[in-house]
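All remarks here apply to the structure that follows.
Each chain gets a letter, A, B and so on, in the order the sequences are listed, and its residues count up from 1.
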2 protein chains.
Amino acid sequence: MSQARFSITATALDQRLPCGRPLQKISEYSSCAPDRRAADDLLHRLTGKLNDFVREKKLKKSESREKILAVIVREARHFTALDLLERLGKSYPDVGKATVYRNLPVFVASRIIKEGPPDVDGHVLYELADGHHHDHIVCLDCRRIFEFHDEAIEKRQELVSDQLGFVPREHRHIIYAKCSYRSR
Amino acid sequence: MSQARFSITATALDQRLPCGRPLQKISEYSSCAPDRRAADDLLHRLTGKLNDFVREKKLKKSESREKILAVIVREARHFTALDLLERLGKSYPDVGKATVYRNLPVFVASRIIKEGPPDVDGHVLYELADGHHHDHIVCLDCRRIFEFHDEAIEKRQELVSDQLGFVPREHRHIIYAKCSYRSR
DNA sequence: ATGAATGCAAAGGTTTTGCACCCCC
DNA sequence: GGGGGTGCAAAACCTTTGCATTCAT
């Protein structure tokens, strides 16, 4: 059984923080933008995607919408509506919260973000829809969210669904676990 | 690869309902109590479990708590706090909602119920903790919740977690799919 | 000029909390 | 009689909506 089939990504890149301290917000960890240049590139690409969608659906351009997108790309990997509001308030206090709530569905519809698993408090977690499907593993100690992908599980799900007479559309799979940070 | 490793249980037992009609509430389907005698047996067993917990934690007996438990066992397989409130209101209108919200954590702590996957509207779904772990497959058409268990996926999760340096504690796995009811 | 998009504030729906009272041990 | 448990109502919390206004096309 090949180990190469696993892949993992730490959403939180700041590995220096002590793991034992519980955080108030998952997002405190996921806020570290990994690479400014990469983020800018991505923002540029996604802005294009947004514009395409806006044109296609005969919507109108809006500065607020682009500000929101910028904050998402630069600061958030996994975020709730409230996280986003809070961050947006720091960079762009002029954008109202109703606008945020009204635009999240637009970003989802344009496949720029997608709804992920619910966070620890039960709120919808959004994340960038980068095209690469992954599932989540959340550390119960440090609350960081990691991503994993395992082809064997994916395949098995399809098999199970099929055997049971279902056509699978999507799934959410979260493992709550303890990372070994503490014991290292 | 043996097929016998799959198991499935329909939470909703009323198979006569037309599948095409979307429901307002998941619970409308999961409300069909399968067998009165079995439910009473279970209630008796769980009441004992509750009493043990109450004694152990030096809490006190309460009639409301037992009423709530009775409604859970008799009417609910998968339910949100609000579902429970609504049903409770019919059988025991004298029990206040604060009491329900305050007791749900007690039932969870005593391992009588557990938090399940979030429902379609994002609310926490509780379910009886019957000791048999299972995951869920939800039909996007008829909204019924089915339970499945696949040992291969379970094992694989442990392997993945272990390889990545995590000690898994629990997980939630929901497949959103379309059942073949319509096309039959 | 038309209708999308916005900010604000008010309303909505769900869960939690404060408080006085009740009841179990 | 001490402290958990309760009901009620108020508050807290997050999200949606109404409305007048602004802005993009």
Next on the checklist: Can you measure A:Asn103 atom CG to D:dT16 atom C1' for me and round it to whole angstrom units?
Outcome noted: 14 Å
Item to check | Interatomic distance, A:Ile72 atom CD1 to A:Asp83 atom CG [nearest 0.5 angstrom] | outcome: 11.0 Å
Item to check | Gap between atoms CG and C1', on A:Asp94 and D:dC23 respectively (whole Å) | outcome: 15 Å
Checklist entry - Expressed in angstrom and rounded to an integer, what is the separation of A:Leu69 atom CG from C:dA5 atom P? => result 15 Å
Checklist entry - Is A:Asp52 salt-bridged to A:Lys49, going by a charged N under 4.0 Å from an acidic O? => result no
Checklist entry - A:Lys67 has an atom NZ; how far is it from atom P of C:dA5, in whole Å? => result 16 Å
Next on the checklist: Tell me the interatomic distance from A:Asp83, atom CG, to D:dC14, atom P, rounded to whole angstroms.
Outcome noted: 10 Å
Item to check | 5' precedence on DNA chain C between A:Lys58 and A:Gly96 (nearest-nucleotide basis) | outcome: A:Lys58
Item to check | Reading 5' to 3' through nucleotides 15-25 of chain C, protein heavy-atom contacts under 4.0 Å coded B for base, S for sugar-phosphate only, - for none | outcome: BBBB-----BS
Checklist outcome for this item: A:Glu115 CD to D:dT15 P, in whole Å, measures 11 Å
Checklist entry - Does a salt bridge link A:Arg36 with A:Asp40, judged by any charged N lying under 4.0 Å from a carboxylate O? => result yes
Checklist entry - Using the ring of each side chain (for Trp, its six-membered ring), is A:His173 parallel, tilted or perpendicular to B:His173, with breaks at 30° and 60°? => result parallel
Checklist entry - Rounded to whole angstroms, how far apart are CG on A:Leu88 and P on C:dT6? => result 11 Å
Checklist entry - Which residues pass the salt bridge (Lys or Arg N to Asp or Glu O under 4.0 Å) test with B:Arg172, sequence neighbours left out? => result B:Glu115
Checklist outcome for this item: From the list B:Glu170, B:Glu154, B:Glu147, side chain to side chain contact (heavy atoms under 4.5 Å, CB included) partner of B:His133 resolves to B:Glu154
Checklist entry - Closer than 4.0 Å, any side-chain N/O of A:Ser64 to the OP1 or OP2 of C:dT6? => result yes
Checklist outcome for this item: Between CD of A:Glu56 and C1' of D:dT25 the distance, given in whole Å, is 18 Å
